[in-house]
Amino acid sequence: MSDTTPEMLTLHAAFAAKIDAVLAELEADGALPPETPRHNVTVEPPRDSSHGDLATNAAMVLAKLAKTNPRELAGKIVDRLNADPDIIEATIAGPGFINLRLSDEAWLNELGAIAQSGSDYGKSAIGGGSTVNVEYVSANPTGPMHMGHCRGAVVGDALASLLEFAGHKVVREYYVNDAGGQVDVLARSAHLRYREALGDTIGDIPEGLYPGDYLVPVGEHLARELGDRFKDSDEADWLPVFRAESVEKMMDLIKADLALLGIHHDLFSSEAALQAAGKPEEAEKWLRAHDLVYDGVLEAPKGKAPPDDWEPVELPLFRSTKFGDDQDRPIKKSDGKWTYFGADLAYHMQKAETADALIDIWGADHSGTVKRIKAAVSALAEGEGKAIPFDVKLVQMVQLMRDGEPLKMSKRSGNFITLAEMVEEVGKDVVRFTMLTRKPEAQMEFDFAKVVEASKDNPVFYVQYAHARISSTMRKGAAEGLEPSADGIAQLGEAELSLVKQAAQFPRIVEAAAKAREPHRIAFFLYDLGGEFHSYWNLGNDKPEKRFIVAQNQELSRARLFLAAQIGQVIRNGLSILGVEAVEEM
RNA sequence: GCGCCCGUAGCUCAGUCGGAUAGAGCAUCAGAUUCCUAAUCUGGGGGCCACAGGUUCGAAUCCUGUCGGGCGCACCA
């Protein structure tokens, strides 16, 4: 490859550009109409590698526009591609696929690109510097994180990193629901613990309050801070103080839990502060002016018996039925306070003010509320002259297992597993990687016994072990005075080449994953790359001449070490997106 | 009853904007191996992509319907 410009294109980008250039030539010749749309044209490795290194469907997609049949158009494209020295062969196959076989040199040069870019290899500019706000976790500040929060936390965090890697600015945001009724419950529970700390006997925790031990230190803290002046006073006196104090303590707890998973948000937004600033009123005013909020009576729930205390009341309702929802949704409660939804739509407007796109990561148990919030946001955003892309990604439930048996969890019985316990038992990397080796919209099982197995059945172990093997090889090379070098790279053969080809997919995978907003694709890529590496490594079991360091040939050893170093780099880059450590040894 | 998600090998799961003969690991079967390049290796068998229609050069992928599983369904959050 003759490409030695500083802004080195990755291999796939370079060849996609070559094909694009050919299409431009055909436009100039009149074989294609001017400004032929290219969005359907793909350039990707064929499923079957015997077909070649890259394949494009350009001829099939564009044949109609060219007023010809796919194979004939393919012929014109192939003729031009065959003139390129980096393309050994361009052939037409099947209905009109164009298969390209690239020179070994073109592939091997990608190793140089990896070395040159280092930890930047695979980064993309498709984000164009636009700001994406990713809101994830947003667990209620009423207790420690438990397992149910885990998947959304990991997926949201990896997605944020992925988008950064793909050229977006990212804001990682946590919405603190510190304004609702459950915070009163928290405050009352904390008050009980406060009295306990001051020597009162509290007995069993009354029904409806939080029984967890985690409130004991909060009560002790409050007793130290406040003395006994709220011990016997009216609830109205102490409630605001206890709310604020206990929410703060719960957020400390939650942040510590998240840190165990390597998760750190940029921004914590308070619902109470939002309301104090009058944001929901602003939103309501605009919605009423556009007849999207009206005072009406809620319908009784359909399809099941209404609750005992059901009674029709008039409330301000958002016209979400206009957007496909089952019924209109209240933005205020009968006590005059904002509903969660009423505050949430104002909150999304607030986020939209500083971002170009919004993403929410929610648990599947909130699926019923997606329509109303999407409707409200698009109505409000357009009203303010700023339509904003808004995605709600639902993360499905995780079924916890131990040795193939489902673990029953219920808050009522107190039998639930906290995030901290889980991380302590299996480790951060295992939790993160396992949560990411499944597409988020499918339910998954998490078996405590299986995920810690140190064997090839376990994807986390498999990928980390590949990196550890590379590290140990590099150490061994260094001990023998062998520095990695690209000089002898031409000596690398078929087996090494297929490893390079796998690693060279990374930039493509990053872009595809970022566009689809699916971080799990990175995890699967790493698993495949690790597999490719291990099978290459295994060649050395029987054939010492296939090992990275071969006594007889220093130049080959140095070239193979160069290869190993670049594979290690790609694994590190991928793992960094997932927030999983690339270990040096195991 | 309604809404959202899922259904791919015996099991757990991938499957690129619709692309060529649908993949991986486990399990199974047949070989190899006791080796610090250690926490196995090589190869084989195994599929009505839940089912039925539709869209088109082409469908696991898109549309409609049916069945099965999960989640949710008054002012909670």
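Throughout, protein chains are lettered first and strands after them, A, B, ... in sequence-line order, and every chain is numbered starting at 1.
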In 5'-to-3' order, the base (B), backbone-only (S) or no-contact (-) status of each nucleotide in nucleotides 14-21 of chain B, using a 4.0 angstrom heavy-atom cut-off, is SSBB-BB-
A:H149 and A:H146 aromatic ring geometry - parallel, tilted or perpendicular at 30°/60° bounds:
tilted
How does each nucleotide of nucleotides 66-72 of chain B score, in 5' to 3' order, for protein heavy atoms under 4.0 Å: base (B), sugar-phosphate only (S), or none (-)?
---BSBS
Once you round it to whole Å, what is the distance between C1' of B:A74 and CD1 of A:I331?
16 Å
Any non-hydrogen side-chain atom of A:R288 less than 4.5 Å from a side-chain atom of A:P316?
yes
Reckon A:E445 touches a base, only the sugar-phosphate, or nothing at all at heavy-atom distances under 4.0 Å?
sugar-phosphate
Are the side chains of A:L482 and A:I549 in contact, using a 4.5 Å heavy-atom criterion?
yes
Side-chain N or O of A:Y340 versus OP1/OP2 of B:C75: is the shortest distance under 4.0 Å?
no
In whole Å, measure the gap between the C1' atoms of B:C29 and B:G45 for me.
7 Å
Can you tell me how the ring of A:F318 sits relative to the ring of A:F341, calling it parallel under 30°, perpendicular over 60° and tilted otherwise?
tilted
Determine which nucleotide pairs with B:G31, using a 3.5 Å limit on both distances of a Watson-Crick or G-U wobble pair.
B:C41
Taking a pair as Watson-Crick or G-U wobble with both distances under 3.5 Å, which nucleotide is matched to B:G68?
B:C6
Quick one: A:F318 CZ to B:A74 C1', roughly how many Å, whole number?
18 Å
In the structure shown, which nucleotide is the Watson-Crick or G-U wobble counterpart of B:C11, with both distances under 3.5 Å?
B:G25
Please give the distance between the P atoms of B:C6 and B:A50 as a whole number of Å.
13 Å
According to the interplanar angle, ranging from 0 to 90°, do the rings of A:Y174 and A:H265 count as parallel (below 30°), tilted (30 to 60°) or perpendicular (above 60°)?
perpendicular
Gap in Å between the two C1' atoms, one belonging to B:C49 and one to B:U8, rounded
4 Å
I'd like to know whether NZ of A:K501 has more than 12 heavy-atom contacts from other residues, nucleotides or ligands below 6.0 angstrom.
yes
Give the rounded distance in Å between these two atoms: CG of A:L345 and C1' of B:A77.
15 Å
Applying salt bridge (charged side-chain N to carboxylate O under 4.0 Å, His left out), can you list everything that pairs with A:R243, at least two apart in sequence or on another chain?
A:D184
Does the structure show a Watson-Crick or G-U wobble partner for B:C73, both distances under 3.5 Å? Name it, or say none.
B:G1
Which part of the nucleic acid, if any, lies within reach of A:F341 when heavy atoms closer than 4.0 Å are counted: base, sugar-phosphate only, or nothing?
nothing
Let me know the distance between CG of A:N541 and P of B:U42, rounded to the nearest Å.
9 Å
Provide the distance between the two P atoms, one in B:C5 and one in B:C62, to the nearest whole Å.
11 Å
Between A:W362 and B:C5, is there a contact of a side-chain N or O with OP1 or OP2 at under 4.0 Å?
no
Cationic N near anionic O, under 4.0 Å, A:E173 to A:K351:
no
B:G47 pairs with which nucleotide, Watson-Crick or G-U wobble, both distances below 3.5 Å?
none
Pairwise P distance for B:G65 and B:G44, with rounding to whole Å
44 Å
Only pairs with both distances under 3.5 Å count, Watson-Crick or wobble alike; so what is the partner of B:G18 in this structure?
none
Scan A:M586 against the nucleic acid and name what it touches under 4.0 Å (heavy atoms): base, sugar-phosphate only, or nothing.
base
Ignoring backbone atoms, test whether A:R469 places a side-chain nitrogen or oxygen under 4.0 Å from the OP1 or OP2 oxygen of B:A38.
yes
What is the nucleic acid contact for A:Y527, judged by heavy atoms within less than 4.0 Å: base, sugar-phosphate only, or nothing?
sugar-phosphate
Quick one: A:H467 NE2 to B:A39 P, roughly how many Å, whole number?
19 Å
What's the CD-C1' distance between A:E441 and B:C13, to the nearest Å?
13 Å
Taking the C1' atom in each of B:U40 and B:C26, what is the distance between them to the nearest angstrom?
15 Å
In whole angstroms, how far is the P atom of B:A74 from the CG atom of A:D328?
15 Å
Relative to the 5' end of RNA chain B, which residue comes earlier, A:D542 or A:G324, by the nucleotide with the nearest heavy atom?
A:G324
NA contact type, A:K64, heavy-atom cut-off 4.0 Å: base, sugar-phosphate, or nothing?
sugar-phosphate
Any carboxylate oxygen within less than 4.0 angstrom of a Lys/Arg side-chain nitrogen, looking at A:E518 and A:R521?
yes
Counting the atoms with a prime plus P, OP1 and OP2 as sugar-phosphate, which does A:K332 contact under 4.0 Å by heavy atoms, base, sugar-phosphate, or nothing?
nothing
Would you call A:E284-A:K332 a salt bridge at under 4.0 Å N-O?
yes
Using a strict 4.0 Å threshold on nitrogen-to-oxygen distance, state whether A:R517 and A:D391 make a salt bridge.
yes
Salt-bridged, A:R560 to A:E496, with N to O below 4.0 Å?
yes
Would you mind telling me which residue lines up with the more 5' stretch of RNA chain B, A:W537 or A:E271, judged by nearest nucleotide?
A:W537
Considering only heavy atoms and no angle criterion, is a donor-acceptor pair shorter than 3.5 Å present between the side chain of A:T339 and the base of B:C75?
no
For B:G19 versus B:C76, give the span between their C1' atoms, rounded off to a whole number of Å.
49 Å
Report the base-pairing partner of B:A60 (Watson-Crick or G-U wobble, both distances below 3.5 angstrom), or none.
none
Would you mind reading off the distance between A:F433 atom CZ and B:C13 atom C1', rounded to a whole angstrom?
13 Å
Measure the acute angle between the ring planes of A:F548 and A:Y536, then classify it against the limits of 30° and 60° as parallel, tilted or perpendicular.
perpendicular
Work out how far the P atom of B:A9 is from that of B:G15, and round it to whole angstrom.
15 Å
